[in-house]
Amino acid sequence: MESYELYCLADRRFYETPTNRGAEHPDFSQSALPVPAGWSHVAGEMWMHYAPDDLVLPAQGWKIHVSSRLEDAERTLAVVWDYCVPRGIAFKFLRNEPVMVMVNSKSAPRGSSGKLVTIYPTDETQLELVLKELDDLLEGIRGPYILSDLRYGEGPLFVRYGAFISRYCLNDGGERVLALEDGTGRLVPDHRGPTFSTPPWVTLPPFLQAHLEARNSVTTNDLAYTIEGVIQFSNGGGVYLGHHNETGAKVVLKEGRPMAGLDMSARDAVARVGHERDILQRLDGLDVVPKMHDYFELGEHHFLVQEFIDSNPLQRELVRRYPLTHPEATEADLAEYAEWAARMVVDVQNAVEQLHGRGVVFCDLHPDNVLLSSAISDPHATAPVRRDRMVLIDFEVATLVEDRARSALAHPGYAAPGDRQGPDVDLYALACITLGMFAPQTTMLLNLHPGKAFQLADMIAETFPVPRQTLDAAVRTIVGPGVTSDPEMESLALPGRAGWTEVRAALTKAIVASATPERDDRLFPGDIAQFQPGGGTNIASGAAGVLYALAKTGAGRFPEYDEWLRKHALTAEIGPGLYDGLHGVAYVLDELGYHQDALDLVERTLADEFQHRELGLHSGLAGIGLNLLHFTNEPTLRAQAIRMIDLVADRLGDVTDVPETSGEGKPRAGLMHGSSGPALLFIDAYELTGDTGLLDLAEIALRQDLRRCTRTPDGMLQVNQGWRTLPYLEEGSAGIALVLARYLQYRPNEELAADLEALRRVTRCSYYVQPGLFMGRAGLLLAAPALGEQTDDLVRGLGWHAMPFEGGLAFPGNQLLRLSMDLATGSAGVLLALGAALHEQRVTLPFLGPPQWSESPSRLLAPKEV
């Protein structure tokens with residue numbers, strides 16, 4: 001999946017495909033040329049694809065990638081077009097300059113960045129010829145190095161072995177990924193990392209050997225420094241921890257890759273690293289900036305060597321100390337944190353004032369760029385003295401006060417609006433830090449609606465003992481002079497403050513106002529997943545989930561939208577999954593009363609090769625099996641349900657067959673992607689059949705997920721990802737708890753009951769970074785009633801993220817960069833969760849409610865069949 005920033009180019013309120021960006025960003029001129037006779041053309045969101053109609057490409061092979069700077073893009077495309085079209089060679093290229101900037105930006109995936117064109121030779125003979133001839137034709141063209149590829153010569157051509165068509169397999173983590181066929185004919189993952197490598201069964205063509213040797217000849221052996229490890233990577237280059245070979249002093253080496261890591265001014269990382277060197281020299285002697293030691297070049301890459309500061313970012317310290325993410329925080333906890341946070345704000349302000357005193361505007365002020373060092377020695381003292389130190393880092397986009405400039409690259413939660421220049425850019429970011437210390441990440445919402453600052457200040461003042469004048473000063477800086485209130489926020493029907501029917505009506509108003517029935521790709525704006533095939537129709541990100549939430553909560557039925565879903569479900573290129581595919585759409589259509597439509601969709605899924613599907617509830621066999629059980633009165637589907645249960649049981653394994661952490665290349669835990677989904681399938685089948693062997697399988701599955709949980713110091717049991725823990729519905733405590741609670745109804749167990757109590761504690765926290773159903777507060781709210789937990793604080797806390805839209809109430813989606821109306825991430829999910837707590841009839845997600853079977857189990861599915 002591409003980065004969220006790419007889907008922020010076209011619309012300021014919703015995630016939108018870059019193709020709907022309007023006339024202000026036209027496609028490259030080659031896109032306007034007539035499609036050659038006998039050729040096919042497919043216009044994608046990012047790529048323009050061209051291929052001869054009669055060309056038969058292999059399923060995989062060596063690809064050629066052409067890199068380019070912005071200023072060379074049109075010439076590069078003209079050369080490639082004029083070369084490939086007469087020779088019948090398939091190719092694709094990026095649509096336009098904004099997309100090109102985004103895929104080459106600092107935050108872009110570093111492995112694939114730099115590609116402007118992809119060319120598909122039919123064999124190695126054509127590969128060699130195309131490289132040789134294009135190398136001459138593209139002389140003088142320069143472009144960023146494509147890290148996943150091998151560079152051909154010194155020009156903009158690169159090669160990599162990979163798939164030409166989309167085929168899939170399961171990786172070691174049990175997820176469905178793009179695949180290659182290995183030497184034995186077996187499908188294996190098509191790894192696309194930031195280093196060049198060839199699959200084990202593929203031999204590098206002899207004519208490329210010299211180019212590989214040239215690549216390997218650039219080493220760090222002759223440097224004055226030894227690199228010990230990586231602090232972080234970005235598309236602009238790495239930041240490394242090292243030491244000076246002679247003195248042994250620890251240093252930080254910051255790399256700038258040429259023509260990569262572009263900012264809003266289209267400057268590359270080399271330009272910014274060189275600029276940072278100049279700024280640090282200007283600030284030399286200030287204790288609030290790192291000391292600059294050295295600057296050098298290696299293989300066209302530039303390196304800035306700085307003082308190493310043994311420290312933690314302010315953001316990490318904020319997360320560690322923030323009391324509202326712990327259950328049952330006390331008034332003393334809140335007061336202690338507020339005192340520390342206020343002190344940090346003052347210290348940051350003092351540091352910024354020192355920069356301004358030297359004539360420098362930081363322009364990238366946010367908590368990750370503020371380091372806290374609490375144990376260092378003062379080298380200027382007569383004896384070592386232990387003292388605290390705050391240091392600002394990352395001066396790549398700093399400007400001079402007299403330039404009255406804007407930032408060219410800033411964190412979206414702290415980026416000043418266009419009417420702020422010079423020092424006001426830093427003052428805006430400082431005001432955001434003031435609010436963000438008490439309401440983390442919510443300053444992202446100020447880009448959508450600056451007046452949100454008034455309500456954030458009110459909620460902070462209600463929660464923490466913070467002087468009101470401190471908050472009001474920050475709000476005045478954010479909203480600008482002369483603005484004293486925000487009528488839209490003041491009239492908003494906030495959960496926990498307005499009544500259920502009023503809140504429901506406000507959410508419904510916003511959802512309906514966002515609808516675009518004239519579009520074919522999506523009906524309601526939501527997460528960027530809706531721009532994947534079928535994503536606009538499914539439960540998680542598409543119309544099915546929104547209509548499900550509206551119907552279940554009593555918000556209303558909308559025949560026009562029902563017809564949109566019925567029509568588009570018939571033609572959607574969509575997989576069979578429950579939350580991302582046809583089974584989910586079928587379930588919703590059945591719930592809405594379109595039973596035959598639902599059966600038709602389920603029938604379409606039966607030809608799928610299920611061996612390449614995940615086990616989980618979201619996309620895989622567990623969700624498919626549950627929906628087949630839902631239609632078990634249909635004899636053919638009953639047999640398919642039995643088959644699905646058998647497949648899941650065969651692949652489940654034992655408790656210790658899963659690692660002790662989740663994700664990061666390992667099988668994920670939790671309701672949607674982990675073993676709790678299979679457990680839910682087994683429990684549902686037990687309720688239908690009475691076969692206790694299914695409960696045995698459910699216990700194994702649940703213990704697999706519990707194995708990947710860790711107990712926090714405050715007694716919560718959360719999914720352990722190694723670097724963080726998760727409480728959420730999708731991949732966290734809440735989802736596991738829902739299934740475990742259902743299991744314990746049939747087979748009580750003291751040990752598992754204690755685990756359930758620890759899982760339930762996550763619903764007693766007061767703050768969650770996102771509001772959404774799958775990975776935010778709404779998921780905890782949906783789970784709480786079923787777990788016997790209180791919901792008042794969870795409901796009221798939705799106010800942290802509540803936003804106005806067209807006279808109604810809306811919520812931001814994942815990443816908080818845009819509003820969303822979908823079920824998984826946005827307003828429909830909040831609506832369903834509020835319905836779980838407040839609606840007169842209990843509502844929940846499919847198959848998470850009470851047992852659905854009223855008939856005698858033996859009449860539907862005999863235990864022996866399972």
Side-chain angles (χ1 to χ4, degrees), residues 1 4 15 175 441 507 511 524-530 532 535-536 538-546 548-549 552 577-581 584 587-588 614 616-620 622-623 626 662-663 668-677 680 705 718-719 721 724-739 759 762-763 765 768-784 786-787 794 797-798 801 810-837 843-848:
M1 177 68 69
Y4 277 80
Y15 293 119
E175 296 182 338
Q441 304 300 318
L507 279 163
I511 291 171
F524 302 100
D527 189 71
I528 65 173
Q530 68 182 196
Q532 297 296 303
N538 65 33
I539 288 186
S541 59
V546 177
Y548 176 83
K552 287 295 182 180
L578 180 63
Y579 280 92
D580 65 349
Y587 178 88
V588 170
E614 303 96 327
L617 183 69
H618 188 278
S619 309
L626 279 163
S662 171
R668 297 160 71 182
L671 176 66
M672 292 294 173
H673 306 285
S675 298
S676 292
L680 183 62
D705 270 358
Q718 296 194 26
V719 168
Q721 284 195 323
R724 65 173 179 174
T725 59
L726 296 177
Y728 301 115
L729 184 70
E730 178 180 40
E731 186 177 357
S733 317
I736 300 172
L738 284 173
V739 183
L759 292 168
V762 300
T763 67
C765 302
Y768 306 90
V769 171
Q770 297 186 143
L773 186 64
F774 280 17
M775 290 293 284
R777 176 185 293 270
L780 281 297
L781 175 58
L782 181 128
L787 299 175
L794 288 166
L798 284 165
H801 295 94
F811 287 85
N814 280 356
Q815 306 296 313
L816 307 181
L817 294 169
R818 294 292 187 268
L819 299 178
S820 170
M821 300 298 171
D822 70 25
L823 187 78
T825 73
S827 304
V830 172
L831 175 63
L832 189 72
L834 285 167
V843 300
T844 189
L845 287 170
F847 312 115
L848 286 178

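For T825, the side chain to side chain donor-acceptor pair (under 3.5 Å) criterion is met by S820, D822, not counting sequence neighbours. Scanning for side chain to side chain donor-acceptor pair (under 3.5 Å) contacts around E614 gives an empty result, with sequence neighbours left out. Judged as a side chain to side chain donor-acceptor pair (under 3.5 Å), and not counting sequence neighbours, the contacts of Q721 are R724, E731.
A side-chain donor-acceptor contact under 3.5 Å links D705 to the backbone of G670. Side-chain atoms of Y15 come within 3.5 Å of backbone atoms of N814 as a donor-acceptor pair (strictly under, hydrogens ignored). Side chain of H801 to main chain of G813: no donor-acceptor pair is present (N/O by atom type, distance under 3.5 Å, no hydrogens or angles). The backbone N or O of D527 lies less than 3.5 Å from no partner atom in the side chain of S541, so there is not a single donor-acceptor pair. A distance-only check finds a donor-acceptor pair linking the side chain of Q530 to the backbone of F524 [under 3.5 Å].
Heavy atoms only, all atoms of each residue included: A778 and A833 are closest at O-CB, 3.1 Å. Closest heavy-atom contact between F774 and L845: CE1-CD1, 4.4 Å. Shortest non-hydrogen contact noted between S676 and I736 is OG-CG1, 3.5 Å. Listed here is the closest heavy atom pair of S619 and D580: OG-OD2, 2.8 Å. Taking both residues in full, the closest heavy atoms of V719 and S662 are given as CG1-CB, 3.6 Å, listed atom of the first, atom of the second, then distance. Contact detail for G776 and Y728: the closest heavy-atom pair is N-CD2, 3.5 Å.
L626 places none of its side-chain heavy atoms less than 4.5 Å from the side chain of Y587.
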**Message:** With side-chain hydrogen bond (donor to acceptor under 3.5 Å, both in side chains) as the criterion, how do H673 and E730 come out once you've worked through the C-alpha distance, each side chain's angles and the decisive distance to 0.1 Å?
**Reply:** CA-CA 7 Å; H673 306 285; E730 178 180 40; 3.0 Å; yes
**Prompt:** Is there a side-chain contact (heavy atoms from CB on, under 4.5 Å) between L787 and L759 once you walk through the steps?
**Reply:** CA-CA 10 Å; L787 299 175; L759 292 168; over 6 Å; no
**Request:** Check the pair L834 / L798 against side-chain contact (heavy atoms from CB on, under 4.5 Å), numbers first and verdict last.
**Result:** CA-CA 10 Å; L834 285 167; L798 284 165; 3.7 Å; yes
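Of the listed residues (I539, V843, L832), just one forms a side-chain contact (heavy atoms from CB on, under 4.5 Å) with Y548, and that residue is L832. Just one residue in the list L738, L781, L780 forms a side-chain contact (heavy atoms from CB on, under 4.5 Å) with L729, and that residue is L738.
Atom CD1 of residue I528 and atom CG of residue L817 lie 10.0 Å apart, to the nearest 0.5 angstrom. To the nearest 0.5 Å, the span separating CG on L671 from OH on Y579 amounts to 6.5 Å.
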